[in-house]
Amino acid sequence: MKLNFLLNHSLCELELPPGKVVLDVIRRDTGLKGTKEGCREGDCGACTVLLGKLDPQGSAPCVRYGAVASCLLPAAELAGCHLVTIEGLNGEGLSPIQQAFVDEGATQCGFCTPGFIVALTGFLLAAPAITMEEALAAVEGQICRCTGYAAIRRALEKIVDAFANMPLDHAKRIPWLVGAGVLPEHFLRAAQLLESIEPAPVSREGVVIAGGTDLFVQKADQLRDTELQLLSRRPDLHLIEEHNQHLSLGAAVTAEELLRSQLVLSAYPGLLQQLRLISSQLIRRRASIGGNLVNASPIGDLSIMLLALGGRLLLEQGDTKRELPLEDFFLGYKQLDLQPGELIHSVSVPLPDESTFFNFEKVSQRKHLDIAAVNSALWLQLDGDVIQHCRISAGGVAPVPLLLRKTSAALCGRSLCEALVAEAVESACAEVSPIDDVRGSAEYKRDLLGRLVCAHFEKLFSRRGEEA
């Protein structure tokens, strides 16, 4: 596959297998060794790069950048983009980010340092606010193997203090950061150079790739020379829209786009913190709604949330479309009601009102950046204290992401009280069929689900009268 893209400061044309991961392209095809090879699973951040794309919404040519794990990024995604490695951030001297790491002793062996520097440059390029919370989120996918995090945190504080007053208007950021010495001058020419590249055609053939954050962990070698159908290249799958009292979420919408969507968060403000429990920002920038659903993991966080929210799928096969309740999509372990050639186009969920409440709970060995042992979500519609409608979902306790139909139905028409919560716990535990595995015994998972059901109601009691 002939790929035309901008590599650091130069236009580049390479013949590459479409599924070859960008980490290997950088180190083996371009000879740039600053990007490090670590876990090859998107879990350590050593291979972090910036990927810039022309903003189709801008009135003037503008490139928007995000930090991504190059070990999970297929080469086909480079077409028409700006790929920035650590070498592409070097200037005549140290940048303010690099200098902060030196000043605070935040580097030792240096293996992880390029990933941190690239991720923090992405933070200054894209964060909606220059705060410690956003800075920490930008490096939550980076692992330091020897220095320890206190010095790195001090470096972050220094960077946040230095750039707290930088302009947040995206069109002004790049010139300002060039002037501040964070970016080399070639960033000023990036939009013009990308405009000169002929857009790559959107393929409707080949292996369907959404974010690839799980697929390229499992099957990178098999996908290397395979034609790919990149859902990220379809604007119609990236839409977040409101119509007929529902939110429609395109299959290619990423977890990070959900987390940043004002439309989504105005409807479900609690999702801001709940979505931050999903992996790291590095992965959330690529992991998509459709990919999470099709992956059909029994503990997929987005699947569990959307089940409780009453998600309905819009499936497409060419010009033919059909709708399907999400709970009917999962037929068995990794088995789906999806015909050959059929794709998820979008999933819709009803907009809440003052009578609806939603909560998501997850338990894992680490609070963040980890796969759940058990997760659960609850959606309620109340009339006073009486439950009119209820949907409880659970993950990690069955072969599929599970809607607890019996428990949900048993709560309808009942008044909220402690006895009802105890009944819900008993019913939920009886409805599931967990197994022993590395994340815990079946007995542990059943008990954990009961505790999560209790947690749902405890939070709802404390939030009565608030918007879900």
Side chain to side chain contact (heavy atoms under 4.5 Å, CB included) between Met166 and Arg173, worked out: CA-CA 8 Å; Met166 67 172 282; Arg173 282 199 195 198; 3.9 Å; yes
Glu256 vs Arg285, salt bridge (Lys or Arg N to Asp or Glu O under 4.0 Å): CA-CA, chis, key distance, verdict: CA-CA 5 Å; Glu256 188 67 13; Arg285 281 207 179 91; 5.3 Å; no
CA sep, side-chain torsions, deciding dist, call: Val347, Phe329, side chain to side chain contact (heavy atoms under 4.5 Å, CB included): CA-CA 12 Å; Val347 57; Phe329 185 59; over 6 Å; no
CA sep, side-chain torsions, deciding dist, call: Asp24, Arg28, salt bridge (Lys or Arg N to Asp or Glu O under 4.0 Å): CA-CA 5 Å; Asp24 292 338; Arg28 299 173 190 176; 3.7 Å; yes
Side chain to side chain contact (heavy atoms under 4.5 Å, CB included) between Leu258 and Val253, intermediate numbers included: CA-CA 7 Å; Leu258 274 181; Val253 170; 4.1 Å; yes
Verdict with supporting geometry, Glu140 and Arg276, salt bridge (Lys or Arg N to Asp or Glu O under 4.0 Å): CA-CA 10 Å; Glu140 63 190 1; Arg276 281 186 168 154; over 6 Å; no
From CA spacing to verdict: side chain to side chain contact (heavy atoms under 4.5 Å, CB included), Leu259, Leu271: CA-CA 7 Å; Leu259 190 152; Leu271 281 178; over 6 Å; no
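Between Tyr65 and Phe187, the angle of the ring planes lies from 30° to 60°, which puts this pair in the tilted group. Relative ring orientation between His82 and His186 is described as perpendicular, the plane-to-plane angle rising above 60° on a 0-90° scale split at 30° and 60°.
Residue Glu185 qualifies as open at atom CD: its count of foreign heavy atoms under 6.0 Å is 12 or below. Counting non-hydrogen atoms of neighbouring residues, nucleotides and ligands closer than 6.0 angstrom, the CD atom of Gln365 reaches no more than 12 such neighbours. The local environment of CZ in Arg40 is crowded, with over 12 non-hydrogen atoms from other residues, nucleotides or ligands closer than 6.0 Å. Other residues, nucleotides and ligands place no more than 12 heavy atoms under 6.0 Å from the NZ atom of Lys219. When the shell of 6.0 Å around OH of Tyr333 is examined, it contains 12 or fewer heavy atoms from other residues, nucleotides or ligands. Within a 6.0 Å radius of NE2 in His9, no more than 12 heavy atoms belonging to other residues, nucleotides or ligands are found. Few gaps surround NZ on Lys321; more than 12 heavy atoms of other groups in view lie less than 6.0 Å from it. A 6.0 Å sphere centred on CG of Leu193 holds more than 12 heavy atoms belonging to other residues, nucleotides or ligands.
A donor-acceptor pair is defined here as one N or O able to donate and one able to accept, closer than 3.5 Å; no such pair exists between the side chain of Arg224 and the backbone of Pro17. Side-chain atoms of Asn375 come within 3.5 Å of backbone N or O of Ile299 as a donor-acceptor pair. Listed for the His238 side chain is no donor-acceptor partner under 3.5 Å among the backbone atoms of Ala251. Here the side chain of Ser70 pairs a donor or acceptor atom with the backbone of Cys47 at under 3.5 angstrom. Looking at Gln192, its side chain never comes within 3.5 Å of a backbone N or O of Arg189 through a donor-acceptor pair. Judged by distance alone, with hydrogens and angles left aside, the side-chain atoms of Lys20 form no donor-acceptor pair with the main-chain N or O of Asp225 at under 3.5 Å. Between the Ser376 side chain and the Ser393 main chain, a donor and an acceptor come within less than 3.5 Å of each other. Put simply, the side chain of Asp55 never gets that close to the backbone of Cys62: no donor and acceptor are under 3.5 Å apart. Under the 3.5 Å distance criterion, the side-chain polar atoms of Glu361 are left unmatched by any main-chain donor or acceptor of Leu452. Lys362 places a side-chain N or O within 3.5 Å of a backbone atom of Leu277 that can act as its donor or acceptor partner.
If you take OG1 on Thr121 and CG on Leu177, they are separated by 8.5 Å, rounding to the nearest 0.5 Å. One finds the NZ atom of Lys334 at 5.5 Å from the OG atom of Ser297 (value rounded to the nearest 0.5 Å). Leu315 CG to Leu324 CG: the interatomic distance, rounded to the nearest 0.5 Å, is 6.0 Å. Rounding to the nearest 0.5 angstrom, the gap separating the CG atom in Asn4 from the CG atom in Leu14 is 9.0 Å. Taking CG of Asp301 as the start and CE of Met305 as the end, the distance is 5.5 Å to the nearest 0.5 Å. With rounding to the nearest 0.5 Å, the separation of CG in Leu343 from CZ in Arg204 is 8.5 Å.
At least one side-chain heavy atom of Cys144 sits under 4.5 Å from a side-chain heavy atom of Phe116. Using a 4.5 Å heavy-atom threshold, the side chains of Arg27 and Lys33 count as touching. Taking 4.5 Å as the limit, some side-chain heavy atom of Thr48 sits within range of a side-chain heavy atom of Leu282. Residues Val49 and Thr35 meet the side-chain proximity criterion, which asks for heavy atoms closer than 4.5 Å. Counting only heavy atoms from C-beta outward, the side chains of Leu263 and Glu241 never approach each other to under 4.5 Å. You'll find the side chain of Gln99 reaches within 4.5 Å of the side chain of Val102, heavy atoms only. By the 4.5 Å heavy-atom criterion applied to side chains, Ile289 and Thr254 are not counted as neighbours. Side chains of Pro114 and Ile117 form no contact here, defined as non-hydrogen atoms less than 4.5 Å apart.
Minimum heavy-atom separation, Pro128 to Glu134: CG-OE2, 3.6 Å. Between Pro350 and Tyr268, the closest heavy-atom pair is O-OH, 2.8 Å. The two residues Asn244 and His246 have their closest heavy-atom pair at O-ND1, 2.8 Å. Shown here for Gly45 and Gln142, the closest heavy-atom pair between the two residues is O-OE1, 2.8 Å. Of all the heavy atoms in Ser279 and Arg284, the pair that sits closest is O-NH1, 3.4 Å. Nearest heavy-atom pair across Ala67 and Ala119 is CB-CA, 4.2 Å.
One finds a salt bridge joining Arg322 and Asp337 here, because a Lys/Arg side-chain nitrogen approaches an Asp/Glu carboxylate oxygen to under 4.0 Å. A salt bridge links Glu77 with Arg286: the closest approach of a Lys/Arg side-chain nitrogen to an acidic carboxylate oxygen falls below 4.0 angstrom.
A donor-acceptor pair shorter than 3.5 Å can be found between the side chains of Glu87 and Thr85. No hydrogens or angles considered: a donor-acceptor pair under 3.5 Å links the side chains of Thr113 and Thr107.
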